[in-house]
Number of protein chains: 2
Amino acid sequence: MELSNYAALSVKGDETMNADGDGMAQARETGTLGKLMVLLDLVTHADGPLRFTDILSLAGQPRGTLHRQLSHLVEEGLLELDGDGRYAPGLRLLDFAARSWARNEFRLIAEPHLVDLQQATGETVHLGVLRGQSIIYLDKVEGRQPVRMYSQIGNASPCYCTGVGKAALSLLPAESLVDLLAGVNFTRFTAATHATAASLLAEIREIADQGYAFDREEHEAGIRCVAAPIWSEDRTFLGGVSITGPAYRLSMELLAQWVVPVQRAAERIMEGMRIRLGPRR
Amino acid sequence: MELSNYAALSVKGDETMNADGDGMAQARETGTLGKLMVLLDLVTHADGPLRFTDILSLAGQPRGTLHRQLSHLVEEGLLELDGDGRYAPGLRLLDFAARSWARNEFRLIAEPHLVDLQQATGETVHLGVLRGQSIIYLDKVEGRQPVRMYSQIGNASPCYCTGVGKAALSLLPAESLVDLLAGVNFTRFTAATHATAASLLAEIREIADQGYAFDREEHEAGIRCVAAPIWSEDRTFLGGVSITGPAYRLSMELLAQWVVPVQRAAERIMEGMRIRLGPRR
DNA sequence: GGTGTTGTTCCATTATTCGGAACTTAATTT
DNA sequence: AAATTAAGTTCCGAATAATGGAACAACACC
């Protein structure tokens, strides 16, 4: 019933006001749509279905207004209203996403290289993109284990404690990086999670030099990974590939051996992007 | 570049006007949101990224208006505008969907029973819901094969040529069924696809009596399935479970043997719904 | 039958969207 | 290279849709 750590994982993140000293505030108003998206965010980020009153207190809108907004969302299939008057995410979202995923050019280019990497190492391979302050996982290739699909794909994870996230951040120019980190809320998931922008910055500088990143159980205890960055030539697109697995099986020595394969996969994906999307980008 | 069979697969379907003699027209106007959703539909249903002009001709809006609408969608992350001025579905859709899927109550209830059914038969098991004239697949459990997740999940498939679809339709009262079929555009995917509402109606009457449905290579040549219906007590929620596989492996005799297991799985799922969601529904 | 809670409908006011046209910018032709 | 066409962007008065307060139903819990 309670809301989950909404702010920490929010893709958008700056709905209220970012305590950013810089004058350059990102574009904000999308009028009617923006307000509706806030509601969609609220409902999809909640731990379970929300009643009208719950949303009322969270959204702080007048009752009449909120009621009409929710009705519209329900009518469009973006939300669903069950028999007990509780609002849940709508199935139309699934349909949109399935199409968006199936046709995603970047993912299609990367796919064969992810499979190669999975087979070479036997461990789970992820593909992620930096979007705002979050990493969105675009694909995942696992070994033989009983399929639990969708598990990670589409999930927005924090950028400061994942391999792909840190690899992507290392591509940013120093200034943008500092700006971005200023807005990040550092939640400590494990003992190894970076707790401050300063300590993260230091590691990212290192990663930028080396060209690869580790996740030393920073997001989830017992889970490690190696990641390599991926970027478009115009740097509008930042992401990464990673190999992930349990710490008992993936020693740091083994991870170090996988640096080269991961980097090679990243390079091949970038080569594919140049060919498919044109050399300029 | 061309549009795919947009109308046939559309979840919404009645944007213009349904040739429905009945006075009870379903609610329609969602104002600003509705117009934006039409655009989202256009872009997500296209075969590839669309340029501004493409959308302009498809949407039939004034240029200035369309431009602002697309800008808003892009700003919210629902669409993405690449360097070549082409619009593609945005990644935010993935994030929404991942959450919507992970927390879907019906899916969570059904999951263990799907796994059981998969292990009992060794073939692929699907869970689907009727939404408008389409079946939306909510889950899929496969055997050992190399994982290609997301493949089917979230996809909207026609109701008239899938096992789950026909099973779900068989739950509708005769009147609603006729109304619904009046709006369906019967595309012949294979030689076995029902071509008219009449022939479909005849089979659905049979299915309603029997309590299970076959798909005899009606959607895809070489693919068969058995399905059993699932419904909430108040009949607001209709769907089904199915076992799907290649015709060379799944003889009609074998499928007939699986009727009982599929029905049992469906019953257990419904029992779970009664317990979790309250007896009324 | 009251009384508080929750959800829905109504309508004048206000703010946003609409859409034609003028204006850039890029591509194509002469 | 200049001229021409196409493609995309910005502007602003008019039209429309969103707003939010208040009054109205539905339901539970005393």
Side-chain angles (χ1 to χ4, degrees), chain A residues 1-3 15 26-43 46 48-76 78-88 90 234 236 277-281, chain B residues 1 15 26-43 46 48-76 78-88 90 234 236 277-281:
Chain A
M1 292 300 166
E2 309 307 299
L3 284 185
E15 196 46 48
Q26 279 194 326
R28 39 192 104 64
E29 297 290 345
T30 47
T32 307
L33 178 62
K35 294 162 198 160
L36 294 175
M37 294 304 283
V38 171
L39 294 181
L40 250 191
D41 256 340
L42 276 177
V43 176
L50 295 176
R51 288 205 323 280
F52 182 85
T53 320
D54 300 328
I55 305 178
L56 187 64
S57 61
L58 289 166
Q61 300 252 42
R63 298 219 305 244
T65 302
L66 181 65
H67 186 261
R68 178 181 37 74
Q69 290 171 332
L70 291 175
S71 304
H72 284 178
L73 289 170
V74 168
E75 197 164 324
E76 289 294 341
L78 299 176
L79 290 183
E80 299 201 3
L81 179 56
D82 67 22
D84 304 337
R86 301 181 313 168
Y87 291 88
D234 64 0
T236 54
L277 304 179
R280 286 162 295 183
R281 310 171 51 218
Chain B
M1 291 303 166
E15 196 47 47
Q26 278 195 329
R28 42 190 99 67
E29 298 289 345
T30 48
T32 307
L33 177 62
K35 295 161 198 161
L36 294 175
M37 295 302 283
V38 171
L39 294 180
L40 249 192
D41 257 338
L42 277 178
V43 176
L50 295 176
R51 289 207 321 282
F52 182 84
T53 320
D54 300 327
I55 304 178
L56 187 62
S57 63
L58 289 167
Q61 299 253 41
R63 299 223 300 263
T65 302
L66 181 65
H67 187 262
R68 179 181 37 75
Q69 290 171 331
L70 291 174
S71 303
H72 283 178
L73 289 169
V74 168
E75 196 164 326
E76 289 294 342
L78 299 176
L79 291 183
E80 298 201 4
L81 179 56
D82 67 21
D84 304 336
R86 300 182 313 169
Y87 291 88
D234 62 3
T236 54
L277 305 178
R280 284 160 297 179
R281 312 172 48 223

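The chains referred to below are lettered A, B, ... by the order of the sequence lines, with proteins before strands, and numbering in each begins at 1. None of the values given here were measured: they were computed from a predicted structure.
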For this session: Look at the side chain of A/Asp54 and the backbone N and O of A/Ser57, then say whether any donor-acceptor pair between them is shorter than 3.5 Å.
Result: no

For this session: To the nearest Å, give me how far apart CG (A/Leu70) and C1' (C/dT9) are.
Result: 15 Å

For this session: Provide, to the nearest angstrom, the distance between the CG atom belonging to A/Leu33 and the C1' atom belonging to D/dA18.
Result: 14 Å

For this session: Give a yes or no on whether the backbone of B/Arg86 and the side-chain of B/Asp84 come within a donor-acceptor separation of less than 3.5 Å.
Result: no

Exercise. Is B/Thr32 near enough to D/dA18 that one of its side-chain N or O atoms lies under 4.0 angstrom from OP1 or OP2?
Worked result: yes

Problem set entry | From B/Thr32 atom OG1 to A/Leu36 atom CG, the distance as rounded to the nearest 0.5 Å | 8.5 Å

For this session: Output, in order, the C-alpha distance, side-chain angles, deciding distance and verdict of side-chain contact (heavy atoms from CB on, under 4.5 Å) for B/Met37 and A/Leu78.
Result: CA-CA 10 Å; B/Met37 295 302 283; A/Leu78 299 176; 3.4 Å; yes

Exercise. Is the closest side-chain heavy-atom distance between B/Glu76 and B/Leu73 below 4.5 Å?
Worked result: no

Exercise. Quick one: is B/Gln69 getting a side-chain N or O under 4.0 Å of the C/dC18 phosphate, OP1 or OP2?
Worked result: yes

Exercise. Is the shortest side-chain N/O distance from A/Arg63 to OP1 or OP2 of C/dT6 below 4.0 Å?
Worked result: no

Exercise. Expressed in angstrom and rounded to an integer, what is the separation of B/Phe52 atom CZ from C/dA26 atom P?
Worked result: 16 Å

Problem set entry | Whole-Å distance separating the CG atom of B/Asp54 from the C1' atom of D/dG8 | 13 Å

Exercise. Counting side-chain heavy atoms from C-beta on, which of D/dA18, C/dT17, D/dG20 comes nearest to B/His72?
Worked result: C/dT17

Problem set entry | d(NZ, A/Lys35; C1', C/dT16) in whole Å | 8 Å

For this session: Return the value, rounded to whole Å, for the distance between atom CD of A/Gln61 and atom P of C/dG7.
Result: 16 Å

Problem set entry | Short side-chain N/O contact to C/dT8 OP1/OP2 from A/His67, under 4.0 Å | yes

Exercise. Would you say a side-chain N or O of B/Thr53 is under 4.0 Å from OP1 or OP2 of D/dA6?
Worked result: no

Problem set entry | Length of the line joining B/Leu36:CG and C/dT17:C1', which is rounded to integer Å | 10 Å

For this session: Establish, with yes or no, whether the OP1 or OP2 oxygen of D/dG20 is under 4.0 angstrom from a side-chain nitrogen or oxygen of A/Thr65.
Result: yes

Problem set entry | Whole-Å distance separating the CZ atom of B/Arg86 from the C1' atom of D/dG8 | 16 Å

Problem set entry | Which residue lies more 5' along DNA chain C, comparing A/Tyr87 with B/Gly64 via nearest heavy atoms | A/Tyr87

For this session: Among C/dC18, D/dA18, D/dG20, find the nucleotide with the atom closest to the side chain of B/Arg68.
Result: C/dC18

